[in-house]
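Numbering of ligands and ligand atoms starts at 1, following listing order. These numbers come from the heavy atoms of this one structure, side chains and all, not from hydrogens, waters or symmetry mates.
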Amino acid sequence: MALLAIDQGTTSTRAIVFDDALSPIASAQREFRQIFPRPGWVEHDPEDIWATAVATAAEAMARAGLRAADVAGLGVTNQRETVVVWERATGKAIHNAIVWQDRRTAETCARMKAEGLEPKITAKTGLVLDPYFSATKLGWILDHVEGARARAEAGEFMFGTVDAYLIWRLTGGTAHATDATNAARTLLYDIRAGRFDDELCAAFGAPAAMLPEVRDSSGDFGETLPELFGGPIRILGVAGDQQAATVGQACFRPGMAKVTYGTGAFALLHTGEEPVASSNKLLTTVALQLAGRRTYALEGAIFVAGAAVQWLRDGLKLIREAAETQALAEAADPEQDVYLVPAFVGLGAPHWDAEARAALIGLTRGTGQAEIARAALESVGYQTADLVAAMRADWPAGDVGATLRVDGGMTASDWTLQFLADILDAPVDRPEIVETTALGAAYLAGLAAGVCPDPDGFAKSWRLERRFEPRMDAATRRRKLAGWADAVARVKSR
Ligand SMILES: Nc1ncnc2c1ncn2[C@@H]1O[C@H](COP(=O)(O)OP(=O)(O)O)[C@@H](O)[C@H]1O
Ligand SMILES: O=P(O)(O)OC[C@H](O)CO
């Protein structure tokens, strides 16, 4: 029996078929349209999300030579926080999806902060009051689509993050459900009580009638319509993409951490059965819910990781391909401390400074392409070091970052991972399977289908491809970190 994962990401949708030993056997990927109606606004057409999900799943199955009956379960994993509102009767969305990157509700968040609402909201949700999360985006749709609020209150419209929207359509409208990891990103969900919270819903104006049911991350989410894949497939796993990657990296025990390096980067540190509150502006979030029991994580998000390399390529035209940064970084002058603070869209954790803008610092007449390329790769290491430092400060008890597991497209860069190990002064582990997000979703489905071992058993199957050991001397590390701290201080808006 095989397992199928749909990974509905921000810029593309992927589907991967795994065999029952969880080795990938076929995949398909489609990019889709990014819609930028105004500066700072980012939307997706829900029909694109839907169409690419179905097309990639069907294509991956065809490549693997599978029929629906050969698939033991489907796992759905998704870009988190992104909001879809659709009509119960037709499944048609009433507005484009508002994407997690969209900043249009910044003023709403600022107003709610000024009203003193943030501490209570953070205490319940583990999140900060930022446009990044779903609740204010939902409010925006209800306030800007004519008549939407009244119809939502009457139960005619439904709300969901991308997982819930896909599940609704895949099941032909029989399941309106999400999992706890996705619910935890809405600002409406009490992470300790494990339910949508009336007070939060009232504060954000979210009608209870439109919310999905919150389920375990591994369990029954209904069956796909038979006509989609030539027969029904059971949906048995659901998790937000960063949590799914944490599963795929088998970070099940307290103190284990992974960072996924794509366009941005997301670090999740497993903290066990108790949520750890952050004093350093990290997020407290649900790592997973299995059999009704939630485990928790501390999370830090960096908005620009691989995107800094894209900027070298598309903005500066300094390289033609991302991989060229390796040779440039190797050729850079070790005597020059050049820093790129890539705050192109502000700074994420632990700064949360939306107004900060990027800077290149420490340029001399001797600075050239090589030093700038190296600064771009190094910025990923420095930003991770800031997150790990915040995690250590938040949770002194957990041996944070003793080793770090990494995945995502940018981990193709050996130079970046060596620098990361150097600057963290800790080993960095790259696994054999770097498609950890899809792997995690497939595993959650396989667990519910009874074809995969329990988490401890699965953890034993995690395979190291390469370990990067720290080699930098302490004095150099200290000097470089101090230079970075100084560079960040110069770009901050306050
Ligand atoms: N060899 C490399 N060196 C440096 N950066 C790389 C390399 N290969 C890919 N990247 C970066 O990784 C990112 C792509 O990773 P991916 O996981 O596909 O991202 P996403 O899922 O966010 O679209 C790009 O931003 C690209 O610039
Ligand atoms: O789609 P990705 O991989 O960029 O991940 C997006 C995150 O889930 C946003 O929180």
Min heavy-atom dist Asp241 to ligand 2 below 4.0 Å:
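For ligand 2, residue contact (heavy atoms, under 4.0 Å) with Asp241 is present.
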Short list, please: which atoms of ligand 2 are under 4.0 Å from a heavy atom of [X]?
X: Gly9; value: 1 (O)
X: Tyr132; value: 9 (C), 10 (O)
X: Trp100; value: 4 (O), 6 (C), 9 (C)

Any atoms of ligand 1 less than 4.0 Å from a non-hydrogen atom of [X]? List them with their elements.
X: Thr11; result: 23 (O)
X: Thr325; result: 3 (N), 4 (C)
X: Arg14; result: 21 (O)
X: Ala323; result: 1 (N)

For atom 6 (C) of ligand 1, which of the options Ala322, Ala307, Ser413 provides the nearest non-hydrogen atom?
Ala322
Would you tell me which option among Gln243, Gln242, Glu81, Gln79 has the nearest heavy-atom contact to atom 9 (C) of ligand 2?
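Checking each option, the heavy atom nearest atom 9 (C) of ligand 2 is found in Glu81.
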Residue-level breakdown please: for Arg185 versus ligand 2, do any non-hydrogen atoms fall below 4.0 Å on the side chain, on the backbone, on both, or on neither?
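The answer is neither; Arg185 stays 4.0 Å or more away.
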Closest protein heavy atom (residue, atom, distance) for [atom]:
atom: atom 26 (C) of ligand 1; answer: Gly306 O, 4.2 Å
atom: atom 5 (N) of ligand 1; answer: Met410 CG, 3.5 Å
atom: atom 20 (P) of ligand 1; answer: Thr263 OG1, 3.6 Å
atom: atom 17 (O) of ligand 1; answer: Gly409 N, 2.8 Å
atom: atom 25 (O) of ligand 1; answer: Gln310 NE2, 2.8 Å
atom: atom 19 (O) of ligand 1; answer: Gly262 CA, 3.4 Å
atom: atom 1 (O) of ligand 2; answer: Thr10 OG1, 2.6 Å

Hey, can you tell me if [X] and [Y] have their rings parallel, tilted or perpendicular (30° and 60° cut-offs)?
X: Phe133; Y: Trp352; result: tilted
X: Phe252; Y: Tyr443; result: tilted
X: Phe344; Y: Trp311; result: tilted
X: Tyr339; Y: Trp484; result: tilted

Evaluate the side-chain proximity of [Y] to [X]: yes if any heavy-atom separation is below 4.5 Å, no if none is.
X: Thr56; Y: Arg14; answer: no
X: Leu74; Y: Phe221; answer: no
X: Gln289; Y: Thr181; answer: no
X: Asn78; Y: Tyr165; answer: no

Counting heavy atoms only, which part of Glu435 comes closer than 4.0 Å to ligand 1: side chain, backbone, both or neither?
neither
Ligand 1 contact on Thr10 by region, counting heavy-atom pairs under 4.0 Å:
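Contact part for Thr10 vs ligand 1: neither.
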Taking distance alone, with N or O pairs closer than 3.5 Å, would you say Arg80 contacts ligand 2?
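N/O-N/O distance under 3.5 Å: yes.
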Could you tell me whether the side chains of Thr77 and Asp7 share a donor-acceptor contact shorter than 3.5 Å?
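The criterion, which ignores hydrogens and geometry beyond distance, is not satisfied for Asp7 and Thr77.
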Distance-only side-chain donor-acceptor flag, Ser134 / Glu81, under 3.5 Å:
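No - no donor-acceptor pair under 3.5 Å links their side chains.
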Examine distances only and state if a side-chain atom of Asp353 and a backbone atom of Ser493 form a donor-acceptor pair shorter than 3.5 Å.
yes
Looking only at N/O atoms, are Ala412 and ligand 1 under 3.5 Å apart anywhere?
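No, no N or O pair falls under 3.5 Å.
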Could you check whether Trp50 and Trp168 have their ring centres less than 6.0 Å apart?
no
Result of checking Leu424, Leu417, Asp429 against Leu404 for side-chain contact (heavy atoms from CB on, under 4.5 Å)
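When side-chain contact (heavy atoms from CB on, under 4.5 Å) is applied between Leu404 and each of Leu424, Leu417, Asp429, only Leu424 qualifies.
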